[in-house]
Asker: 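The structure follows.
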Number of protein chains: 2
Amino acid sequence: MTDLLADRDGWLMTNCSIARTLDVVGNRSTLLLLREASLGTRRFDDFAARVGISEPVAAARLKQLVADGLLERRPYQEPGKRTRDEYVLTDKGAQLVPVLVALRQWGDTWAADDAGPSVRLEHHDCGAEVHAVLRCAGGHDVEPDELDVRPGPGLLRVDSE
Amino acid sequence: MTDLLADRDGWLMTNCSIARTLDVVGNRSTLLLLREASLGTRRFDDFAARVGISEPVAAARLKQLVADGLLERRPYQEPGKRTRDEYVLTDKGAQLVPVLVALRQWGDTWAADDAGPSVRLEHHDCGAEVHAVLRCAGGHDVEPDELDVRPGPGLLRVDSE
DNA sequence: AGGCTGACTTAGGTTAAGCAAAGTCAGCTA
DNA sequence: TAGCTGACTTTGCTTAACCTAAGTCAGCCT
């Protein structure tokens, strides 16, 4: 899958983007809260109930998601009700949607109920089913075994030996 | 982002494919082990060292990954060395690569070091950079805000009220 | 046969993530 | 102004995910 593997021990993974992303969204309840936000949930109680977590956990995770800039908290008011805050996905948060779609599609394939998946994602414009796929800048579809790993500008190498 | 939100409380999320996937790969060390497997790491010690986890944790997670069918354990022998086992990605495991790519790309954008990402993914055939994108069966690129959520065959509804 | 090495396991302890149950508090509605 | 409701917070506890340090064990090499 890579031809730089021979060199692999010369790399340091202290600047791994996967690890850094997991530092932000690396736990179950955080990702499920983002799932809910992407489905349109906005209110505190709904988040807790729909994700199936307790209120203290929901409060802590939502607070962290706001602090990390994935959700934005803003006041709103339903007619005849008092003002309150809602949580909505920021652009930064919305850019995690491909992660959610990829997770969903793996689960649909490998871990679905006998009845099949509970939800189907469609392209709003044409109604066709949506998938997460790998594609290169040259426009080709890329399979997992067609990836080459190259050093990037931020790659830290071991100080010789 | 969805027009079924109005009905959202009529759904039960007990059959959510995202949650089911997270039941399998929902913790940091598991995903980082899969990162390593996708980069070509095969030996126990290398997994532990490159992910940065202790041996007991590496042993437990690798065992679970084999039990879940994401990694396959098979004997191999380097010339002049004794036989030992290596861990390689199964097809089931390789299908999580889009998740890893999507996580990496979010981290490259939102959490990278000043120097930039440590690794660049290229299409083996043409050398162009690879991304995880959303695409519909009609061939259109899909943005996160162009998704419609529809009930699937496995959707459980609340037993009325 | 004896030692080395890679691949684990065992023991003991810490931190983070979770829960349930109960309390607080602000601001409409009546 | 009193009460209700949504949105949290506080308390006290359990479980899961880690760690370090040390021990085990199989099999080629000499």
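Atom set for the values below is all heavy atoms of this structure, side chains included, hydrogens, waters and symmetry mates excluded. In what follows, chains carry the letters A, B, and so on, assigned in the order in which the sequence lines appear, proteins first and then strands, with residues in each chain numbered from 1.
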Asker: Rounded to the nearest 0.5 Å, how far apart are CD of Glu55(A) and CG of Leu62(A)?
Answerer: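 Separation between the atoms: 11.0 Å.
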Asker: Check the pair Asn15(B), Arg20(B) against side-chain hydrogen bond (donor to acceptor under 3.5 Å, both in side chains), reporting the backbone distance first and the verdict last.
Answerer: CA-CA 8 Å; Asn15(B) 184 26; Arg20(B) 286 176 181 232; 3.3 Å; yes
Asker: So do Thr109(B) and Gln95(A) actually touch side chain to side chain, heavy atoms under 4.5 Å?
Answerer: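 Result yes, sub-4.5 Å side-chain heavy-atom pair found.
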Asker: What are the 5'-most and 3'-most nucleotides of DNA chain D lying under 4.0 Å from any heavy atom of chain A?
Answerer: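 Counting from the 5' end, contacts occupy dT5(D) to dT10(D).
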Asker: Whole angstroms only, please: what is the NZ-P distance between Lys63(A) and dA16(C)?
Answerer: 18 Å
Asker: Go through the side-chain N and O atoms of Arg61(B) and Ser29(B) and say whether any donor and acceptor fall under 3.5 Å apart.
Answerer: yes
Asker: Across the strands shown, which category fits Tyr87(B) at heavy-atom distances under 4.0 angstrom: base, sugar-phosphate, nothing?
Answerer: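 Tyr87(B): backbone/sugar contact only, no base atoms under 4.0 Å.
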Asker: If I take atom SG from residue Cys16(A) and atom CD from residue Glu36(B), how far apart are they, to the nearest 0.5 angstrom?
Answerer: 8.0 Å
Asker: Taking the side chain of Pro56(B) as its heavy atoms from C-beta onward, which of dA11(C), dA20(C), dC8(C) lies nearest to it?
Answerer: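 In terms of side-chain proximity for Pro56(B), the closest of dA11(C), dA20(C), dC8(C) is dA11(C).
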Asker: Could you give the CZ-to-C1' distance, from Arg28(A) to dC19(C), as a whole number of Å?
Answerer: 14 Å
Asker: Quick check on DNA chain D: between Arg61(B) and Glu55(B), whose nearest nucleotide comes earlier from the 5' end?
Answerer: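 The residue mapped nearer the 5' terminus is Arg61(B).
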Asker: Under 4.0 Å, heavy atom to any atom of DNA chain C: which of residues 18-26 of chain B qualify?
Answerer: none
Asker: From CZ of Phe44(B) over to C1' of dT9(C), roughly how many Å is that when rounded to an integer?
Answerer: 9 Å
Asker: Give the rounded distance in Å between these two atoms: CZ of Arg84(A) and C1' of dC28(C).
Answerer: 10 Å
Asker: Got a second to check how far Phe47(B)'s CZ is from Ile53(B)'s CD1, nearest 0.5 Å?
Answerer: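 Rounded to the nearest 0.5 Å, the CZ-CD1 separation comes to 9.5 Å.
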Asker: Map Val57(A) and Thr83(A) onto DNA chain C by nearest heavy atom, then report which one ends up closer to the 5' terminus.
Answerer: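 Of the two residues, Val57(A) wins.
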Asker: Is there a side-chain contact (heavy atoms from CB on, under 4.5 Å) between Arg42(A) and Asp46(A) once you walk through the steps?
Answerer: CA-CA 7 Å; Arg42(A) 302 186 162 206; Asp46(A) 289 337; over 6 Å; no
Asker: May I ask you to evaluate whether Ser29(A) reaches the phosphate of dG18(C), defined as a side-chain N or O under 4.0 Å from OP1 or OP2?
Answerer: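 Answer is yes, contact under 4.0 Å.
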Asker: Provide the closest heavy-atom pair for Tyr76(A) versus Arg43(A) in the form atom of the first, atom of the second, distance.
Answerer: OH-CD, 2.9 Å
Asker: For dT5(C), take OP1 and OP2 only and decide whether either is under 4.0 Å from a side-chain N or O of Arg43(B).
Answerer: no
Asker: Please tabulate, one pair per line, all N/O donor-acceptor pairs under 3.5 Å involving side-chain atoms of residues 129-136 of chain A, not counting sequence neighbours.
Answerer:
unit_1	atom_1	unit_2	atom_2	d
Glu129(A)	OE1	Arg120(A)	NH1	2.9
His131(A)	ND1	Gln105(A)	OE1	3.4
Arg135(A)	NH1	Asp141(B)	OD1	3.0
Arg135(A)	NH2	Asp141(B)	OD1	3.1
Arg135(A)	NH2	Asp141(B)	OD2	3.1

